[in-house]
Amino acid sequence: QQVEPFDYVIFGATGDLTMRKLLPALYNRLRMDQIPDDACIIGAARTELDREAYVARARDALERFLPSDILSPGLVERFLARLDYVTLDSSREGPQWENLKALLAKTQPDRVRVYYFATAPQLYGGISENLHRYGLITPTSRVVLEKPIGTDMATATAINDGVGQYFPEKQIYRIDHYLGKETVQNVLALRFANPLMNAAWSAEHIESVQITAAETVGVEGRAAYYDTSGALRDMIQNHLLQVLCLVAMEAPDSLEADAVRNAKLAVLNALRPITDATAATETVRAQYTAGVVDGENVPGYLEELGKPSATETYAAIRAWVDTPRWKGVPFYIRTAKRSGRKVSEIVITFRPAATTMFGATPASNRLVLRVQPNEGVELRLNVKNPALDVYNLHTADLDAKIRMEGGMPFPDSYERLLLDAVRGDPVLFIRRDEVEAAWRWAEPILDAWKHDKVPMQTYSAGSYGPEQATRLLAGHGDTWHEAA
Ligand code: BG6
């Protein structure tokens, strides 16, 4: 469905995220006829460029990051015609802001205005202040904040306070692109629309939960950012905790934004703190060394970086949600750069049937929610082994592939989220108290690591992580699920 005409101002418009994700996502929505022809997309960045030079960069980005079969020349021109650019150091006051003001003055002041902050997060407060100073915040303005919101609680508070001084919370959209992924959204449908699942969704029937996001890529051109972040800040504090919340939360009263966010917040608040005393048994951190990924030799993290570093490229954590529903159920979370395979999934292992009828204990039912690739849901069942007359069991998988009509690829998670901000639907965005609750849990882990309570392990690029991560599960008789 087409949205109302809007002005989208992207700060950080020459950066990697804008080129790789935001412009391609907006192009795709235009291609699907969801963006009206009088919408404006204005890039703002420090680089001195005129409109023409920016449009040329945008054209290159579309060609580079989108498959050629969806790039029809007519549509590309229609998209590029929507673009404009202002050279602007957004963290400073100055006459350059008048140029942005002049561009925005060309359209109706009551149009939806989205300010997308894709810059260094420490600039968010300053940009908001300048937007206010130059009179650019209208009642129909909203701001989208890219992650990371801070590197700890103090910096997150500073960013949220800085933006919050000029934008009320309901105009602030904190983006977490994992919430834009189809299977992640499907967690709620699967749980609450299927009594079969809902009835079994607790410690009584569930033995453990695993949440994995592994990537084959390394730090690419982002080493300067990544080395100040690491796997816990980059993936777990935000994406994987959000996924954990959807798996663990109580049923919200509705799918209204605040109902869903309250239910997620309750999970974050119920996460058992990990302290200096428990970090060594509950967490594993590691860096990749040289290895082979997808048949290619790749250097180790420290070699890529060219200097010593205590930043982890792998993290695995055993988390506990201290609510009656999840008593005694470990939530294993892990994420890796330079893993052997790109896979994001949620694996629910159920308790095995308490029967002696078949001799050996039947295998546990296991539900795998494949976030990517190959989106779908897989359920392992016990069936009689047809090769044998006696009641010998073996397992069979029910596999529901989730596909778009006509076998089209899934839209990138940014596509939906970018337009949700225009529509004013915040349900898939994060509220301030969620960010803070996530930091409250993550920060003591980072502190324990900083105090060297947990040794830094290594794993070869192309492997599935360090041996120590296996031991995290072994005490409970579990093993990591390796996607087929
Ligand atoms: C980003 C992280 O938020 O998510 C990146 O900063 C990571 O380091 C990316 O590569 C992973 O996203 P996806 O959608 O490829 O799983």
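Numbers here are sequence positions counted from 1. Whatever order the structure lists them in is the order used to number ligands and atoms, beginning at 1.
Contact atoms of ligand 1 toward Lys342: 13 (P), 15 (O), 16 (O) (distance under 4.0 Å to a heavy atom of the residue). Listed by number with element, the atoms of ligand 1 under 4.0 angstrom from any heavy atom of Lys337 are 5 (C), 7 (C), 8 (O), 10 (O). Those atoms of ligand 1 with a heavy atom of Met235 less than 4.0 angstrom away are 4 (O), 7 (C). The distance from ligand 1 to the heavy atoms of His239 drops below 4.0 Å at these ligand atoms: 1 (C), 3 (O), 4 (O). Set against the non-hydrogen atoms of Asp234, the atoms of ligand 1 under 4.0 Å away are 2 (C), 5 (C), 6 (O), 8 (O). Near Lys147, meaning under 4.0 Å from any of its heavy atoms, are these atoms of ligand 1: 1 (C), 2 (C), 3 (O), 6 (O). The atoms of ligand 1 that sit less than 4.0 Å from any heavy atom of Lys181 are 13 (P), 14 (O), 16 (O).
At the shortest separation from atom 16 (O) of ligand 1 among protein heavy atoms lies Tyr178 OH, 2.5 Å. Nearest protein heavy-atom neighbour of atom 10 (O) of ligand 1: Glu215 OE1, 2.5 Å.
The pair Arg432-Asp161 meets the salt-bridge criterion, since a charged nitrogen lies less than 4.0 angstrom from a carboxylate oxygen.
Within 6.0 Å of CZ in Arg46 there are 12 or fewer heavy atoms belonging to other residues, nucleotides or ligands. The environment of Leu398 atom CG is dense: over 12 non-hydrogen atoms of other residues, nucleotides or ligands sit within 6.0 angstrom. Annotation: Glu256, atom CD; neighbour count of heavy atoms from other residues, nucleotides and ligands within 6.0 Å does not exceed 12.
Looking only at atom types and distance, the side chain of Arg366 has no donor-acceptor partner in the side chain of Thr349 under 3.5 Å away. Between the side chains of Tyr225 and Asp234, at least one donor N or O lies within less than 3.5 Å of an accepting N or O.
Between Trp441 and the choices Leu241, Asn269, Leu268, the side chain to side chain contact (heavy atoms under 4.5 Å, CB included) rule is met once, by Leu241.
You'll find the side chain of Glu443 reaches within 4.5 Å of the side chain of Asp447, heavy atoms only.
When the options Glu146, Glu220, His177 are ranked by their closest heavy atom to atom 13 (P) of ligand 1, first place goes to His177.
Taking distance alone, with nitrogen or oxygen atoms compared against 3.5 Å, Ser344 stays at or beyond that limit from ligand 1.
Ligand 1 lies nowhere less than 4.0 angstrom from a heavy atom belonging to Tyr226.
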